[in-house]
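Here is the structure we will look at.
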Amino acid sequence: MFPRAFHYHRAGSLKEAATMLSQLGPEAKLLAGGQSLIPLMKLRFAGPPHLVDLNFIPGAAYVKQDAGGLRVGALTCHADIEDSPAAAAIPILHDCAAGIADVQIRNRGTIGGSLAEADPSGDWAPVLLTLNADVRCLGPKGERTVPISKFVVDAYTSALGEDELIIEVLIQAPPKSSGGAYIAFKRSAPVYASASAAVRLAMEDGVCRDAAIVLGAVGLTPVRALEAEAALRNNQVTAKTMEAAAEAARAAADPQPDMRGSAEYKRQLVTALVKRGLEVALKRARGEKVELSHIYA
Amino acid sequence: MPEQEQMVAIRVKVNGKEHKLQVEPRLLLVELLRENLDLTGTHIGCDTSYCGACTVLLNGKAVKSCTVLAVHADGGEVLTVEGLAKNGELHPIQKAFGDAYGLQCGYCTPGLLISTYQLLQRNANPSEKDIRKAIAGNTCRCTGYQNVFKAIKAAAKGA
């Protein structure tokens, strides 16, 4: 299968990419790792007349630790985040990066591309929502920083303007006594998750001071399970409160029945994933090292 | 749609050999290999970035060449299954796949060999879990995975 013919524009810098976008108009598309866009173009679901290629921009892929937190360049591929010692300090990032699709796709697909695509089943948005990450964007008028909660607008719709691109994701290191976990269930490695859960617990003297629970692939956007969070906040994290949170998360999920399973099946998944995620997050908050990964047959 | 087909000049090293080519931007890497360079060892399976039959190394990283544009290889290096054997001698990974019957129809084999090559380059002594993870993006519809596992373990011991 071939994509429809298009004009190819190779950007030499992020700034040049923004300029190209504004000159070429709204029909132009950005090409990062291409792991979503190229299949869409081959299937002729997308046929942009212009592609602005970001792959040859030097210095746009990195994971850096500085005083402001962790900085991840938009063009950083999932595999590089998986292998990054700086990212490993925030285990939920490794949970996510190491489980996205398969080795080959992680070698090409980028964090910026994934966020800009805003696929309801994407892995990064739920994870970054629990971390209150910021997305740095660049357009012809300059830079702006958008909180991730404002960045994801709707299914396949981000807050990016037509002539804007993501340049960096900023992640504040969570406090020491907190723990996070991301767990996704999928039918096989290369496919999107049937359901996923990202959780974060901030603990203090055995009591949960703050909690974030965000569900993926069970709504048009990631679903923040506020009642599930409330079930834990200012409580001890016990089997009983985790159960209550998982039940509240199940109620918050709004899944569509599709080839990945019925709505009821996906709700069941949510209950199990939230419970498992909370167990791991709690252990991590206590300083234990726990390995966690996407589940697939 | 562009009125006139745009051509892009690229330079790419494939299995150690330098090529200078003019390509359409929409040309996929797998088509460049198979059609322009006559390297038909890399297979097209699902053509939707699922099955991994088209796996090659691009700048040392395994990628699904049906989901990478040929222009992305510009200035880079590609290793295909044809580049594994040296001087008429099969690569130890290829030998191990043969010895362990790690293939049935053989369609997925070029991709599996390249994924194994990347795994063993990074991890000379992979665990069962490491192997599973490394070949999760390669589908074998004959479902001969058990022998593929044996082959990869044998190749790791021999490497």
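We name chains A, B, ... by the order of the sequence lines, and we start the count at 1 in each one.
- At most 12 non-hydrogen atoms from other residues, nucleotides or ligands lie less than 6.0 angstrom from CD of B:Gln146.
- Of all residues spanning residues 78-88 of chain A, those with a heavy atom less than 4.5 Å away from chain B's heavy atoms are A:Asp80, A:Glu82, arranged by number.
- At least one side-chain heavy atom of B:Thr67 sits under 4.5 Å from a side-chain heavy atom of A:Pro39.
- Within the 4.5 Å cutoff, side-chain heavy atoms of A:Glu291 are placed close to those of B:Lys129.
- More than 12 heavy atoms of other residues, nucleotides or ligands sit less than 6.0 Å from atom CZ of B:Arg122.
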Verdict with supporting geometry, B:Lys133 and A:Val103, side chain to side chain contact (heavy atoms under 4.5 Å, CB included): CA-CA 8 Å; B:Lys133 215 177 153 186; A:Val103 179; 5.7 Å; no
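- In this structure, A:Asp102 and B:Asn138 have side chains that are not in contact, with every pair of non-hydrogen atoms separated by 4.5 Å or more.
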Under the side chain to side chain contact (heavy atoms under 4.5 Å, CB included) criterion, do A:Phe2 and B:Glu24 qualify, and how do the steps go? CA-CA 11 Å; A:Phe2 284 93; B:Glu24 263 192 83; over 6 Å; no
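- A:Arg276 CZ: 12 or fewer foreign heavy atoms inside a 6.0 Å radius.
- For the side chain to side chain contact (heavy atoms under 4.5 Å, CB included) test, residues two or more places apart in sequence or in another chain that qualify with B:Thr139 are B:Tyr50, B:Cys51, B:Arg141, B:Tyr145.
- With a threshold of 4.5 angstrom between heavy atoms, A:Ile105 approaches chain B through side-chain atoms but not through N, CA, C or O.
- Between chain A and the residues B:Ala62, B:Gly75, B:Ala136, the most heavy-atom pairs under 4.5 angstrom are made by B:Ala62.
- Rounded to the nearest 0.5 Å, atoms OG (B:Ser115) and CD (A:Gln104) are 4.0 Å apart.
- Contact count versus chain B (heavy atoms, under 4.5 Å) is highest, among A:Gly47, A:Ala98, A:Ser293, A:Ala101, for A:Ala98.
- Here the straight-line distance linking atom NE2 of A:His7 with atom CZ of B:Arg26 works out to 12.0 Å at 0.5 Å rounding.
- No more than 12 heavy atoms of other residues, nucleotides or ligands shown are found within 6.0 angstrom of NZ on A:Lys283.
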Next on the checklist: Before you tell me yes or no, could you show the steps for B:Val68 and A:Ile38 under side chain to side chain contact (heavy atoms under 4.5 Å, CB included), namely the whole-Å CA-CA distance, both residues' side-chain angles and the distance that decides it to 0.1 Å?
Outcome noted: CA-CA 7 Å; B:Val68 175; A:Ile38 294 175; 5.7 Å; no
Going by atom type alone, with no hydrogens or angles, which donor-acceptor pairs under 3.5 Å involve a side-chain atom of residues 54-62 of chain A and a protein atom two or more places apart or on another chain?
residue: A:Asn55; atom: ND2; partner: A:Ala32; partner atom: O; Å: 2.7
residue: A:Asn55; atom: ND2; partner: A:Asp53; partner atom: OD1; Å: 2.8
residue: A:Asn55; atom: ND2; partner: B:His72; partner atom: NE2; Å: 3.1
residue: A:Tyr62; atom: OH; partner: A:Glu168; partner atom: OE2; Å: 2.6

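- For chain A, the nearby part of B:Thr55 is the side chain; its heavy atoms alone come within less than 4.5 Å.
- Looking only at distances, no side-chain donor or acceptor of B:Lys61 sits under 3.5 Å from a matching main-chain atom of A:Arg108.
- Heavy atoms of B:Leu58 lying under 4.5 Å from chain A belong exclusively to its side chain.
- Chain A forms more heavy-atom pairs under 4.5 Å with one residue of B:Val8, B:Val71, B:Ile114 than with any other, namely B:Val71.
- The distance from atom CG of B:Asn59 to atom CG of A:Asn107, rounded to the nearest 0.5 Å, is 11.0 Å.
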Side chains of residues 189-196 of chain A: which donor-acceptor partners sit under 3.5 Å, not counting sequence neighbours?
residue: A:Ser196; atom: OG; partner: A:Tyr182; partner atom: OH; Å: 3.0
residue: A:Ser196; atom: OG; partner: A:Gly216; partner atom: N; Å: 3.4

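- B:Thr48 contributes atom OG1, which lies 7.0 Å from atom CG of A:Leu43 (distance to the nearest 0.5 angstrom).
- Put simply, CG on B:Leu28 and CE on A:Met41 are 9.0 Å apart, with the number rounded to the nearest 0.5 Å.
- Checked by atom type and distance alone, the side chain of A:Lys42 pairs as donor or acceptor with a backbone atom of B:Asp47 at under 3.5 Å.
- Looking at B:Val63, both its backbone and its side chain come within 4.5 Å of chain A, counting heavy atoms on both sides.
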